[in-house]
Amino acid sequence: MAATHISQSCSHNTADRRMPAVAGQFYSASADTLADDVDGFLKSAGVSPATHVRAIIVPHAGYVFSGAMAAKAYMRINPAQRYKRVFLL
């Protein structure tokens, strides 16, 4: 089975997209503020990419609670490494 890039599997039709259900509760309702928050978490992670990541387990409890720890996990992924499969649950 061939890998599919996420942009190929996502609808580009805005009518097919579900609106955020909890924006403003667990993360900012403002797209600009949210982008700044995520950038801040990633820049403050303080870790370097690992040579060979096989798996990461990332908390999901709202950015104010787990954003910093999630950023540390994601920053361990080496952007130069190619992966055959990625699973998100």
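Because the structure is a prediction, the values reported are computed rather than measured. Below, all heavy atoms of this structure are taken into account, side chains as well, without hydrogens, waters or symmetry copies.
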Could you pull out the closest heavy-atom pair between [X] and [Y], with the gap in Å?
{"X": "Ser66", "Y": "Ala61", "result": "OG-N, 3.1 Å"}
{"X": "Ile77", "Y": "Val53", "result": "CA-CG2, 4.1 Å"}
{"X": "Ile57", "Y": "Ala73", "result": "O-CB, 4.5 Å"}
{"X": "Lys72", "Y": "Val47", "result": "O-CG2, 3.5 Å"}
{"X": "Asn78", "Y": "Ala50", "result": "CB-O, 3.6 Å"}
{"X": "Ser28", "Y": "Leu34", "result": "CB-N, 4.0 Å"}

Results of side chain to side chain contact (heavy atoms under 4.5 Å, CB included) for Ala71 - residues two or more places apart only: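 Ala71 satisfies side chain to side chain contact (heavy atoms under 4.5 Å, CB included) with Phe41, Leu42, Ala45 only.
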Set of side chain to side chain contact (heavy atoms under 4.5 Å, CB included) partners for Asp36, sequence neighbours left out: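 Applying side chain to side chain contact (heavy atoms under 4.5 Å, CB included) to Asp36 gives none.
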More than 12 heavy atoms of other residues, nucleotides or ligands under 6.0 Å from OH of Tyr74: is that the case?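 No, because the 6.0 Å sphere around OH of Tyr74 holds 12 heavy atoms or fewer from other groups.
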Can you run down the side-chain hydrogen bond (donor to acceptor under 3.5 Å, both in side chains) pairs that involve residues 38-58, sequence neighbours left out, and say none if there aren't any?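 Output for this query is empty, none listed.
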Tell me, do Val38 and Tyr27 make a side-chain contact under 4.5 Å, heavy atoms counted?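 When only atoms from C-beta onward are counted, Tyr27 and Val38 do not touch, as no gap falls below 4.5 Å.
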Identify whether Tyr83 and Val58 are in the same connected component of the hydrophobic contact network (ILVMFWY, side-chain heavy atoms under 4.5 Å).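 Yes, Tyr83 and Val58 fall within the same hydrophobic cluster.
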